[in-house]
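Scroll down for the structure; my scribbles are underneath it.
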Protein chains: 2
Amino acid sequence: METFPRQGCSWKNRTVTSERGSATIKDVAAAAGVGIATVSRVFSGTGAVSERTRERVLAAARELDYRPSALGRGLRLRRSGGIGLVVPDVTDPFCAGLIDGVLACARSLGEHLVLDAAHGDPAREAEIVDRLVEQRLAGVIALPAASGSGAAWRAAVRSGARVVFADRALPGLHELPAVLADDRSGVRTLVEYLVGLGHRRIAFLGAAAPGAAAGVRERAFRDTLAELGVAADEDLIVSARPARDSAYAAAAGLLQRRTDVTAVLAAGHLLGEAAVLVARELDLRVPADVSIAMVDDVPWAELCDPPLTVVARPARDIGYRACEMLLRDRPLRAARPVLLPTELVIRGSCGPPRSPRTASSRAAGR
Amino acid sequence: METFPRQGCSWKNRTVTSERGSATIKDVAAAAGVGIATVSRVFSGTGAVSERTRERVLAAARELDYRPSALGRGLRLRRSGGIGLVVPDVTDPFCAGLIDGVLACARSLGEHLVLDAAHGDPAREAEIVDRLVEQRLAGVIALPAASGSGAAWRAAVRSGARVVFADRALPGLHELPAVLADDRSGVRTLVEYLVGLGHRRIAFLGAAAPGAAAGVRERAFRDTLAELGVAADEDLIVSARPARDSAYAAAAGLLQRRTDVTAVLAAGHLLGEAAVLVARELDLRVPADVSIAMVDDVPWAELCDPPLTVVARPARDIGYRACEMLLRDRPLRAARPVLLPTELVIRGSCGPPRSPRTASSRAAGR
DNA sequence: CCCTCCGATGGAAACGTTTCCAGCCCATGC
DNA sequence: GCATGGGCTGGAAACGTTTCCATCGGAGGG
């Protein structure tokens, strides 16, 4: 077994090649004394090669540290393999879970993953999409920017890319397949739970969305409240941009302005974080003074004191399913979005409301 | 502006091509009535093209939704561009930060990122490396598996890959460049801080490492203690595999066995999480009964009650610098590892020890 | 007017692979 | 002994791009 340095490798006619770039199929063929077609057959597994020859080729390849070039193969085969993934932010736990799922599926199907983050900027997203299309990948999965027009995605599809949306479908692009969490039923479950505990003045901390995109959760909130016969207080429905400062400001404004809210439903983990922080700042005990629940399960929800009750959304599964759909369905059929179930995880941050004045009939147990 | 469906595009001789695969440079050349060389010049920006021709070409390209193929270009140019990144786990906040840094640098230098997770399995890691080498990327950044032999990395370098290690250098591979956090000085600072508060019986929750790899933090712990004239108690130095259950078991065993420890130094966020959980389970007040500090800053450290004092390691910077080194230094020089500074973030989880019996002289102020 | 030079352009080779096709050798069957 | 056939093998084309080189037309200087 040879040791490290890259000099010292001076085979017959490979001295020059070895200095710049790696060994090619030709080098191996020459070293093994066979034709390039034979080497190709050995490595691609197709066709018949005698055992003797195969071993000679393998030995030569090992000697030269040869690895077939995905570029050559991709060009010839007209497909590079690999799938693209565009998310808003890699460090977001939800995105990370999604990436993990895509990675798991891609790996099991022998594809690699090209990742990029658009940070919510449609221009950047468009640029990324362009670059991904150039790579001639097997397909692209995207958690698109909420504010984008979707024009970039349309163009990508026109020039031959296969696209699946994950976790968010773009307003104007319902003709593209999507895998989503069933937020509607998740929020509904959570509202039912809170109302069941006796809460009537429930605040909703939502994400500001330019279009009607993220409005699903807010709409589910209103609808469920209406179904349960609880009047929605418009003043208790606030929204923030998806950033820490904005979320904090919204939560602080809300809890300071309305000291009568008994529960806060945060529509995302950033908003939940803000609610927890503000409650602590205001010396509100959770859940004695105010109950807090949020959409999205993240590691800190369990570490919190008290641990946070959440609606867990299956980030990993969404990624996995999106990838599966991308690679299996051919051609890609839009149909209607695949909805994956959410799960209410009851921990310790929700309890009966502080002043059970209004909670007369059904809740208020214990 | 055309609308969506991919049929309907029937240019002169492109009907067949449009059905399978995307437009090529030849299609554009034919459509614009120029040679392929001219089209290439327009898109690669090199060479002189008259304004009139350029516009004709651009118009034809737009009409055909043409995007140059990275495969063809890569083959011709002998480089695919793009950099590879191998981490243990995408969902780990530290890894996520590192990925984010690499992404930022790669993007600013116009490269894309191929990501994969090895989950600590050297075999899987070797497989990933092979695949990355086949892609003929501009280079590969790795946070390698602690238990690997490094043989895969050696082979990769031999067959022409450029490799930079991030956050961890492999025992036998000091000839490869690396960007690391200055864990030694980070742990030292933390120990000095704890001892300064008056702690003498400080437990060390470390990560079990097969080689001497992760031993840096433990060694720094022992050394600093020695320098400060505090005797190290071997029974207080325990280690766990990098998994939640193992970390929890180690922390629980430690805190139950030795009720006299006044501070716990967790050498990683998983271990810190375990310490927090166990302390809560055992009804130990933090920091009144026991102080807890850990290496690695993660979002929940701030959300915790009390917020956790930590040594923040610059995950993002490590990624950024590694990427920069990979793309700028040519040839790649190993030199000695680049060490990036850590920062002690004092929050609320450390205080003076419970029974100040032993803390006589210098600490115990306030 | 002719020579030169320069800007614009197209043809063709090369990059590393897969695969079709043809050729070779040997064994088998007549 | 020769034809047939099958298992192996090598040559060559093709994939989509960049780039070297040659060509061409026109402008400018002698």
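In what follows, chains are A, B, ... by sequence order, proteins preceding strands, each numbered from 1. Everything numeric here is computed off the predicted structure, so don't read it as measured data.
Rounding to whole angstrom units, CZ of residue A:Arg79 and C1' of C:dT18 are separated by 12 Å. The nearest whole Å value for the distance from the CD atom in A:Gln135 to the P atom in D:dT17 is 13 Å. Nucleotide D:dT17 holds its P atom 9 Å from the CZ atom of B:Phe43, rounded to whole Å.
Residues that satisfy the side chain to side chain donor-acceptor pair (under 3.5 Å) test with B:Ser149, not counting sequence neighbours, are absent from this structure. Partners of B:Thr46 by side chain to side chain donor-acceptor pair (under 3.5 Å), not counting sequence neighbours, listed by chain and number: B:Ser44. A:Ala104 is linked by a side chain to side chain contact (heavy atoms under 4.5 Å, CB included) to A:Arg316, A:Tyr320, counting only residues two or more places apart in sequence or in another chain.
Heavy atoms of A:Ser44 sit under 4.0 angstrom from primed sugar atoms or phosphate atoms, though from no base atom. Nucleic acid contact for B:Ser40: base, since at least one base atom lies under 4.0 Å from a heavy atom of the residue.
In terms of phosphate contacts, A:Thr53 brings a side-chain nitrogen or oxygen within less than 4.0 Å of OP1 or OP2 of D:dT9. Within the 4.0 Å cut-off from OP1 or OP2 of D:dT18, not a single side-chain nitrogen or oxygen of B:Thr46 is found.
Rounding to the nearest 0.5 Å places OG of B:Ser80 at 9.0 Å from CG of B:Leu71.
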Name every donor-acceptor pair, under 3.5 Å, that has one atom in a side chain of residues 129-140 of chain A and the other anywhere in the protein, sequence neighbours excluded.
| unit_1 | atom_1 | unit_2 | atom_2 | d |
| --- | --- | --- | --- | --- |
| A:Asp130 | OD1 | B:Arg67 | NH1 | 2.5 |
| A:Arg131 | NH1 | B:Gly110 | O | 3.0 |
| A:Arg131 | NH2 | B:Gly110 | O | 2.8 |
| A:Arg136 | NE | B:Ser22 | OG | 3.3 |
| A:Arg136 | NH1 | A:Val133 | O | 3.1 |
| A:Arg136 | NH1 | B:Arg67 | O | 3.4 |
| A:Arg136 | NH2 | B:Arg67 | O | 2.6 |

Check: protein-nucleotides 11-16 of chain D nitrogen or oxygen pairs below 3.5 Å:
| unit_1 | atom_1 | unit_2 | atom_2 | d |
| --- | --- | --- | --- | --- |
| D:dA14 | N3 | A:Arg76 | NH1 | 3.4 |
| D:dC15 | O2 | A:Arg76 | N | 3.3 |
| D:dG16 | N2 | B:Gly72 | O | 3.3 |

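A donor-acceptor contact shorter than 3.5 Å is absent between the side chain of A:Arg124 and the backbone of A:Ala118.
One axis for each end of the helix from C:dC1-D:dG30 to C:dC30-D:dG1, each built from five base pairs, and the angle between them comes to 60° at 10° resolution.
Counting only heavy atoms from C-beta outward, the side chains of B:Arg328 and B:Leu109 approach each other to under 4.5 Å. Between A:Leu113 and A:Ile83 the shortest side-chain heavy-atom distance falls below 4.5 Å.
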